[in-house]
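Take a look at the structure set out below.
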Amino acid sequence: MVALEPSATLAMAARASALAAAGVDVIDLSVGEPDFPTPPHICAAAEAAIRAGKTKYTPAAGIPALRAAVAADATRRTGSEVTAAQVVVSNGAKHALHNVFMALLDDGDEVVIPAPFWVSYAELVKLAGGVPVILPTRLEDDFKLRPEALRRALTPASRMLLLCSPSNPTGVVYTPDELRALADLAIEADLAVVADEIYDQLVFDGRAAVSFPTLRPGLAERTVVVGGVSKTYSMTGWRIGWTIAPEALSKAIGNLQSQETSNPSSVSQHAALAALTGPQACVLEMCREFQRRRDLVAARLRRIPGVRLPDIGGAFYAFFDISAALAAGVGGITTSGQWCEQLLEREHVALVAGSAFGAEGHVRMSFAAAEAKLVAGLDRIERFLSRG
Ligand code: PMP
Ligand code: GLU
């Protein structure tokens with residue numbers, strides 16, 4: 001446990017906040033957190049829940065109405081039936097992931113994680129006794145895991161494949177065919193699949209979200225979908241996420257949660273219920289705004305000599321290659337960590353080093369920030385990159 005790394009995203013955000021509190025004009029593009037307020041009808045539902053006395057323990061796996069709403073929402077959006085018994089509501093998607101790893105992994109079980117990966121995956125797998133097997137992907141392949149690479153990584157200890165589409169940190173979205181090829185291999189090799197679909201509603205250019213377990217018959221029995229309200233409804237602080245799993249596994253996850261944390265906040269559950277069952281226009285509006293910002297950020301970054309990035313189809317991150325700048329070694333900087341340190345120190349812009357996502361030579365910028373902030377941040381990044 002002492003070897004556990006802190007979350008690099010949260011650590012950078014904390015540093016940026018501390019600098020801002022000390023009066024420095026910091027542009028924080030580190031943490032992945034929508035900048036919009038939680039929509040008013042969701043806040044009103046929480047206030048009503050407090051007034052109605054919904055402030056006590058709830059069933060450990062969540063209030064029945066919310067489990068049913070998550071199931072109904074998944075059924076409506078994917079076209080495949082999900083039942084309330086398959087849903088466990090947890091303290092955010094991070095906690096949901098922890099539950100899955102604890103429930104499924106035995107000591108020494110290998111979990112294949114394509115890199116770049118979200119910072120917490122490898123640490124949470126290790127915490128549960130699993131062994132992360134990190135598979136690098138290439139920018140030329142839009143950072144997508146290819147089935148041949150997965151096949152080469154399989155061993156008798158392989159137990160699980162972890163996929164995140166739309167991806168944090170790259171924003172890349174797999175096509176259904178690409179996912180089907182990985183699904184076939186997962187079935188052949190008898191792997192469990194954890195599909196982190198927390199960004200499934202934040203997709204651009206008319207893409208539709210495809211949910212992994214719907215892609216082939218027999219997949220739902222081996223897949224756990226992880227989702228939540230943090231990103232879709234700008235509710236990061238409310239701490240509501242969930243798993244959608246086969247019923248027996250859901251029961252085990254619910255039991256684990258009943259021992260570890262009991263229910264997630266009752267008031268937050270009522271807010272999440274309002275989010276899922278109320279008007280959805282707010283989601284579309286936020287998504288459109290993220291797409292506009294994606295256009296701005298991708299175009300500006302692509303203009304900077306030496307900077308390369310993949311096709312950003314969803315989420316709110318630009319993960320760009322700075323290896324040309326690192327190879328030039330300007331100012332003695334040779335790693336993405338040093339580069340981010342210097343960018344923060346000299347230009348007061350907070351990004352997260354690619355090394356935290358298992359992809360040295362890159363950095364991640366969140367574009368979940370107002371346009372003026374993004375423009376100013378990009379000006380500073382450009383100036384930093386063009387210094388002699
Ligand atoms: N998965 C991914 C890919 C994420 O980016 C995040 C962001 N925090 C999470 C899970 C965890 O979300 P939550 O805030 O619901 O814990
Ligand atoms: N997932 C977000 C990010 O990657 C929030 C921070 C975190 O949970 O680590 O920045």
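FYI, side chains are in, hydrogens and waters are out, and symmetry mates aren't considered; it's all heavy atoms of this structure. Counting starts at 1 for both ligands and their atoms, following the listed order.
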Which of the atoms of ligand 2 are close to R364, meaning less than 4.0 Å from one of its heavy atoms? 3 (C), 4 (O), 10 (O)
Does W118, backbone or side chain, put an N or O under 3.5 Å from an N or O of ligand 2? yes
Atoms of ligand 1 under 4.0 Å from any heavy atom of C164, numbered from 1 in the order shown, are 3 (C)
Chi angles and distances behind the salt bridge (charged side-chain N to carboxylate O under 4.0 Å, His left out) call for E178, R146: CA-CA 8 Å; E178 289 162 345; R146 297 169 80 100; over 6 Å; no
Could you check whether the rings of H362 and F319 sit parallel, tilted or perpendicular, using 30° and 60° as the cut-offs? parallel
Against heavy atoms of G92, which atoms of ligand 1 measure under 4.0 Å? 15 (O), 16 (O)
Heavy-atom proximity to atom 5 (O) of ligand 1, picking from W118, W238, Y199, F316, points to Y199
Ignoring hydrogens and angles, write down the donor-acceptor pairs under 3.5 Å from the side chains of residues 44-71, residues two or more places apart or on other chains.
unit_1, atom_1, unit_2, atom_2, d
T58, OG1, Q269, NE2, 3.0
R67, NE, V87, O, 2.7
R67, NH2, V87, O, 3.0

I need the contact type for T236 against ligand 2. Using non-hydrogen atoms and a strict under-4.0 Å cut-off, is it side chain, backbone, both or neither? neither
Exercise: do T335 and E360 side chains pair donor with acceptor under 3.5 Å: no
Within ligand 1, which atoms have a heavy atom of N168 less than 4.0 Å away? 3 (C), 4 (C), 5 (O)
If you count the atoms of ligand 2 from 1 in the order shown, which ones are under 4.0 Å from a heavy atom of L10? 6 (C), 7 (C), 9 (O)
Run the numbers for me: atoms of ligand 2, each under 4.0 Å from some heavy atom of V31, listed by number. 5 (C), 6 (C), 10 (O)
Contact between K231 and ligand 2, counting heavy atoms under 4.0 Å? yes
Does Y121 approach ligand 1 within less than 4.0 angstrom via side chain, backbone, both or neither, non-hydrogen atoms only? side chain
Mark the output for T236 as yes if a heavy-atom distance to ligand 1 is under 4.0 Å, and as no if none is. no
Run the numbers on W238 and S265 for side-chain hydrogen bond (donor to acceptor under 3.5 Å, both in side chains), then give the verdict. CA-CA 8 Å; W238 299 79; S265 151; over 6 Å; no
Atom 16 (O) of ligand 1: nearest protein contact (heavy atom, Å): R239 NH2, 2.7 Å
Should K94 be counted as touching ligand 1, given the test is an N or O pair under 3.5 Å? yes
The protein heavy atom nearest to atom 8 (O) of ligand 2 is K94 NZ, 3.2 Å
Among all protein heavy atoms, pick out the one at the shortest distance from atom 1 (N) of ligand 1; state its residue, atom name and that distance to 0.1 Å. D196 OD2, 2.6 Å
May I ask you to check if R292 and F290 form a cation-pi contact, with NZ or CZ under 6.0 angstrom from the six-membered ring centre and within 45° of the axis? no
Going by the 4.0 angstrom heavy-atom rule, the piece of A93 near ligand 1 is both
R380 side chain to E347 backbone, donor-acceptor under 3.5 Å: yes
Just which atoms of ligand 2 are under 4.0 Å from any heavy atom in Y317? 2 (C), 3 (C), 4 (O)
Below 3.5 Å, N or O to N or O, backbone or side chain included: is there any such pair between N91 and ligand 1? no
Side chain proximity check, H270 to V267, heavy atoms < 4.5 angstrom: no
Tell me, please, which residues at least two apart from D73 pass salt bridge (Lys or Arg N to Asp or Glu O under 4.0 Å). R76, R77
Under a 3.5 Å threshold, yes or no: a donor from one side chain and an acceptor from the other, between S366 and E33? no
S7 neighbourhood, listing ligand 2 atoms whose heavy-atom distance to it stays under 4.0 Å: 9 (O)
Quick one: does K231 get an N or O within less than 3.5 Å of an N or O on ligand 1? yes
Side chain to side chain, V172 and D311, heavy atoms closer than 4.5 Å: no
May I ask you to list the atoms of ligand 1 that are less than 4.0 angstrom from any heavy atom of S230? 13 (P), 14 (O), 15 (O)
Given that the side chain starts at C-beta and the backbone is N, CA, C, O, which of these parts of H95 lies under 4.0 Å from ligand 1, counting heavy atoms, or is it both or neither? neither
Check step by step if ring pair (Phe, Tyr, Trp, His ring centres under 6.0 Å) holds for F316 and Y199. CA-CA 9 Å; F316 34 67; Y199 295 99; 5.4 Å; yes
Which label fits W118 and Y121: parallel for a plane angle under 30°, tilted from 30 to 60°, or perpendicular past 60°? perpendicular
Got a donor-acceptor contact below 3.5 angstrom from the R294 side chain to the G313 backbone? no
Nearest protein heavy-atom contact for atom 6 (C) of ligand 2: which residue, which atom, what distance? T9 OG1, 3.3 Å
